[in-house]
Amino acid sequence: MREASRLRLVVGVSGGIAAYKAVGAIRAFVMDGHDVQVVATQAAYEFVGKSTLEAISHNPVFDSLYDDVSQVRHVALGQNADAIVIAPATAHTLAGIVAGLAPDLLGNAVLARRGPLVVAPAMHTEMWQNAATVHNVAVLRERGVVVVDPASGPLTGNDSGVGRMAEVHSIVSATYAAVGRSARDLAGVRILITGGGTREALDPVRFIGNSSSGRQAVALAEAARVRGASVHFVAGHMDVEPPSGIDITRAGTAELMRSAVLERLDDTDVLIMAAAVADYRPAQMSSTKLKKNSLGSNPTIELVENPDILAEAARHPRCLVIGFAAETAVNDAELLSLARHKASSKGAAAIVANRVNSGRGIGTDDNDVIVVSGDGRELGRSSGEKLSVAQSILDVVLHLRG
Ligand code: C5P
């Protein structure tokens, strides 16, 4: 993993159902080696327990203005923090910050802070779109507060819409960007990243697909952007939102993905093919929905091979091309040998290999990878949050670019 200097972070948790997701952000900061001090509002405890927050942050959790008064904790916390991150930030919390209210330890820490403030709002769509909240968010942005926009999707009730707290990796990378500690060592590098899975249609509603979530690719895109790269993202079908603030091309099939990638290669310095591209597609797509009675009891599907985008792109004279290999290997030795074979057969500069036995790697928040060069050298291993793994992969990119 890249050596990042240890940050002192205050993570404020306010009372919203997304408080459980704050645990993921705290864990990511701790795993990246930072000192995390959690400050919870009383309402936060309705959603997540103090013991959980203490266990995950490896620190006692503070919530009262009146503990440790001799240490002037309510001021010291804010003054000493490299950044304060509030996740989730409720509409009430946002309004309180705008008004400069300090009814609790978190409000005091926010007022006394010297470093940046990052807020990740989470609330129902109506509350997010209410004129008061819209105004408060605009005021916070004007004051330089980093607002990590909520995403769209299912909310706590039966409803769905904008208001879900942003994913952990977005909050984490926004924080690193805000403290300006991340080396901008990829400044000016044009990186094309593919992510998610392709779906190859059998008929208008059925397809051959895979369970790639796009999480590792999104983490790569976020990390590359924070490190100064200019990133274009080619998105297959994904479980997570594509990264915000990045150019995106949607490409749901192997053939669409091929065109989206190949047409950009001349303007790309590094291609990272994290997408799970289907190796085959149905020879024919029925324009009408296939009917059970017309297929008989033992139907077969004729498949044709898809273009191998990675192998084709790897022939580009200038672009550095990195592929992925998701393998059901029994151990690291087998994984390494499969990765070496893939790197040479595809002609890639490097292959990032991970084991996908029993649900690992695919669709999860963590990953465990070995990176090998095109000529079979092991370049590194990384495991942990997909954002940390992404940083390691980008370190390899830097190394290969010399
Ligand atoms: O051959 P396999 O599918 O295991 O190779 C995985 C790597 O090749 C991934 O980087 C994937 O994005 C890429 N790939 C591709 N085109 C295909 C199949 C896989 O670019 N048709």
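Every number for a ligand or one of its atoms is a count from 1 in the order of the listing.
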Inset, instruction - Mark up the atoms of ligand 1 that fall under 4.0 Å of a heavy atom belonging to Met273, in ascending order. - result: 9 (C), 10 (O), 12 (O), 20 (O)
Inset, instruction - Looking only at non-hydrogen atoms, find the nearest pair between Phe324 and Gln216 and report the distance. - result: CE2-CG, 4.0 Å
Legend entry - Region of Pro307 that comes within reach of ligand 1 [heavy atoms, distance under 4.0 Å]: backbone
Legend entry - Distance-only side-chain donor-acceptor flag, Asp375 / Ser373, under 3.5 Å: yes
Inset, instruction - Quick one: look up the protein heavy atom nearest atom 3 (O) of ligand 1 and list residue, atom name and how far away it is. - result: Asp279 OD1, 3.3 Å
Legend entry - Short side-chain donor-acceptor distance under 3.5 Å, Glu241 and Ser152: no
Legend entry - Sub-3.5 Å N/O-N/O distance, Ala276 and ligand 1: no
Legend entry - For Arg318 against Thr268, the heavy-atom pair lying closest together: NH2-O, 3.4 Å
Inset, instruction - Return the option from Val352, Leu310, Val321, Ile272 holding the heavy atom at the smallest distance from atom 13 (C) of ligand 1. - result: Leu310
Inset, instruction - Consider ligand 1: state whether an atom of it lies below 4.0 angstrom from any non-hydrogen atom of Lys342. - result: yes
Legend entry - Test of proximity, Gly323 against ligand 1: N or O pairs below 3.5 Å: no
Inset, instruction - State whether the shortest distance between N or O atoms of Ile309 and N or O atoms of ligand 1 falls below 3.5 angstrom. - result: yes
Inset, instruction - Kindly assign one of parallel, tilted or perpendicular to the pair Phe207 and His237, based on the angle between their ring planes and the thresholds 30° and 60°. - result: parallel
Legend entry - Heteroatom proximity flag, Ala275 to ligand 1, N/O under 3.5 Å: yes
Inset, instruction - Ignoring angles and geometry beyond distance, decide whether Phe324 reaches within less than 3.5 Å of ligand 1 through its nitrogen or oxygen atoms. - result: yes
Legend entry - For atom 1 (O) of ligand 1, the protein heavy atom that lies nearest, with its residue and separation: Lys346 NZ, 2.9 Å
Legend entry - ligand 1 to Thr194 polar contact by distance, N or O atoms, under 3.5 Å: no
Legend entry - Pairing of Arg8 and Asp35 as salt bridge, 4.0 angstrom limit: no
Inset, instruction - For Asp308, counting its heavy atoms only, list the atoms of ligand 1 lying under 4.0 Å from any of them. - result: 15 (C), 16 (N), 17 (C), 20 (O), 21 (N)
Inset, instruction - Would you tell me whether Thr249 and His232 have side-chain atoms, one donor and one acceptor, within less than 3.5 Å of each other? - result: yes
Legend entry - Closest contact, heavy atoms only, Asn108 versus Ala102: ND2-O, 3.2 Å
Legend entry - Residues Asp332, Leu336; criterion side chain to side chain contact (heavy atoms under 4.5 Å, CB included); working and verdict: CA-CA 6 Å; Asp332 282 353; Leu336 205 52; over 6 Å; no
